[in-house]
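Before any comments, here is the structure.
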Protein chains: 2
Amino acid sequence: MNSISNLVDIYRLTNRKITPQRLAIFNVLDSNTDHPTAEEIYEQVKSQIGNVSLKTVYQTLNELESLNQIQIIDVGTGTSRYDPNVNQSHHHLVCQNCSKVKDIELDISGEMLKAFGQNSGEFKIDRVEVVIRGLCEVCLGKGSSKQSEL
Amino acid sequence: MNSISNLVDIYRLTNRKITPQRLAIFNVLDSNTDHPTAEEIYEQVKSQIGNVSLKTVYQTLNELESLNQIQIIDVGTGTSRYDPNVNQSHHHLVCQNCSKVKDIELDISGEMLKAFGQNSGEFKIDRVEVVIRGLCEVCLGKGSSKQSEL
DNA sequence: TAGCTAATTAACAATCATTGTTATAATATA
DNA sequence: TATATTATAACAATGATTGTTAATTAGCTA
């Protein structure tokens with residue numbers, strides 16, 4: 001994601017209005033590395049400006065994705081997560097216990113991509129996503145009993 | 001997934017009953033490489049034995065997963081797909097146009113796993129999933145306009 | 001082979017994440 | 001400041017999946 005002021009510019013240039021709701025959403029996303037869900041963003045925006053609807057949050061997030069300013073990631077935990085990191089190529093670690101997602105930088109290039117391409121037949125590769133599943137630091141420390149609180 | 005007769009054995013050994021519905025589901029999954037959705041399995045079972053409920057299909061599929069006989073894959077297309085291939089390690093090609101999923105054999109070992117582990121910090125890796133997104137052979141042939149029929 | 005009992009099924013409602021609809025409100029610009 | 005246009009909120013709706021419960025069936029045993 002670009003900085004907030006860049007986003008404002010992008011919004012102006014594309015004839016979108018700068019509303020308090022949108023600014024607050026930009027603000028929550030700015031430099032966020034937590035991969036929040038829409039619900040979590042909604043809660044944070046609410047605590048900043050008092051009122052938003054969940055619909056507005058979803059709308060704005062989808063908009064930001066089509067403007068290539070965020071990435072919507074779905075790693076099969078039942079809820080999409082929103083990642084403002086679109087500049088550096090990266091992949092994701094997913095905790096099988098608490099469902100939290102962390103970034104991991106992996107250089108999927110050269111050898112690997114070549115190997116992928118050789119096995120993919122007639123398929124035209126657009127991009128490669130690696131999801132690494134396991135246990136995060138926090139859940140490791142707690143044993144591995146199921147719990148869901150953060 | 002094991003062969004159907006093996007599944008029947010597993011079901012008997014775990015005090016589960018062999019019902020026509022379950023047998024038909026086993027039969028649909030047997031050697032299936034199409035990554036069908038629950039709905040698709042439901043349709044096929046219905047055409048075989050006349051009546052099932054979707055609930056029964058979901059139940060049996062979840063059961064088969066916890067018995068490690070199938071893999072539930074969720075590649076962010078909004079619907080889970082069911083893959084009886086649990087014996088060979090493999091990954092998935094996902095068509096961005098028609099959402100179909102194909103298997104791809106990739107050797108994620110040695111170098112790669114080492115690289116992954118080095119970047120993952122305190123995270124304890126259980127398994128690595130690679131999803132390659134792009135266009136399948138069929139959709140390539142059709143240009144890349146959105147269509148959803150198979 | 002009939003009867004018994006636990007397991008299974010089907011019908012239906014419920015859930016959760018996400019999207020559609022529409023009347024009202026707010027932004028940007030003249 | 002008025003006006004055109006876009007955005008918001010409230011609400012209903014959707015689609016995939018799961019919960020509930022009464023009725024049915026598989027498989028054991030007499």
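Letters A, B, ... are given to chains in the order of the sequence lines, protein chains preceding strands, and every chain is numbered from 1.
When the P atom of D:dT14 is taken as reference, atom CD of B:Glu39 falls 16 Å away, rounded to whole Å. Nucleotide C:dA17 holds its P atom 15 Å from the CG atom of A:Leu61, rounded to whole Å. The distance from atom CG of A:Asp74 to atom P of D:dA16 is 14 Å, rounded to the nearest whole Å. Between the P atom of D:dA23 and the CG atom of B:Asn51 lies a distance of 18 Å, rounded to the nearest Å. Nucleotide D:dA16 holds its C1' atom 15 Å from the CD atom of B:Glu43, rounded to whole Å. Rounded to an integer number of Å, the gap from NZ of B:Lys46 to P of C:dT9 is 17 Å. The distance between atom OH of B:Tyr42 and atom C1' of C:dT9, rounded to the nearest whole Å, is 13 Å.
Along DNA chain D, the nucleotide nearest to A:Thr56 and the one nearest to B:Gly78 differ in position, and the one closer to the 5' end is contacted by A:Thr56.
For the 3.5 Å distance criterion, the side chains of B:Ser3 and B:Ser5 qualify, holding a donor opposite an acceptor. For the 3.5 Å distance criterion, the side chains of B:Asn2 and B:Gln69 qualify, holding a donor opposite an acceptor.
Contacts between residues 6-28 of chain A and DNA chain C, defined by a heavy-atom separation below 4.0 Å, involve A:Arg12, A:Lys17, A:Ile18, A:Pro20, listed by number.
In this structure A:Ser53 satisfies the side-chain hydrogen bond (donor to acceptor under 3.5 Å, both in side chains) test together with A:Thr56, sequence neighbours excluded. Taking A:Arg12 as the reference, nothing meets the salt bridge (charged side-chain N to carboxylate O under 4.0 Å, His left out) condition, with sequence neighbours excluded. In terms of the side-chain hydrogen bond (donor to acceptor under 3.5 Å, both in side chains) criterion, A:His91 has no residue partners (sequence neighbours excluded).
Under the 3.5 Å distance criterion, the side-chain polar atoms of A:Glu40 are matched with a main-chain donor or acceptor of A:Thr37.
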All N/O contacts under 3.5 Å from nucleotides 18-21 of chain D to the protein, with atom names and distances to one decimal?
{"unit_1": "D:dT18", "atom_1": "OP2", "unit_2": "B:Asn62", "atom_2": "ND2", "d": "3.2"}
{"unit_1": "D:dG19", "atom_1": "N7", "unit_2": "B:Lys55", "atom_2": "NZ", "d": "3.1"}

ask   = After noting the C-alpha distance and the side-chain angles of A:Leu29 and A:Ile70, does the key distance pass the side chain to side chain contact (heavy atoms under 4.5 Å, CB included) rule?
value = CA-CA 9 Å; A:Leu29 288 172; A:Ile70 65 172; 4.0 Å; yes
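Note on A:Thr37: nothing from the nucleic acid sits closer than 4.0 angstrom, heavy atoms only.
Applying the side chain to side chain donor-acceptor pair (under 3.5 Å) test to pairs two or more places apart or on separate chains, those with a residue in residues 21-31 of chain A are A:Arg22-A:Glu63, A:Asn27-A:Gln48.
In terms of heavy atoms, B:Ile132 sits closest to B:Leu106 at CD1-CD1, 4.4 Å.
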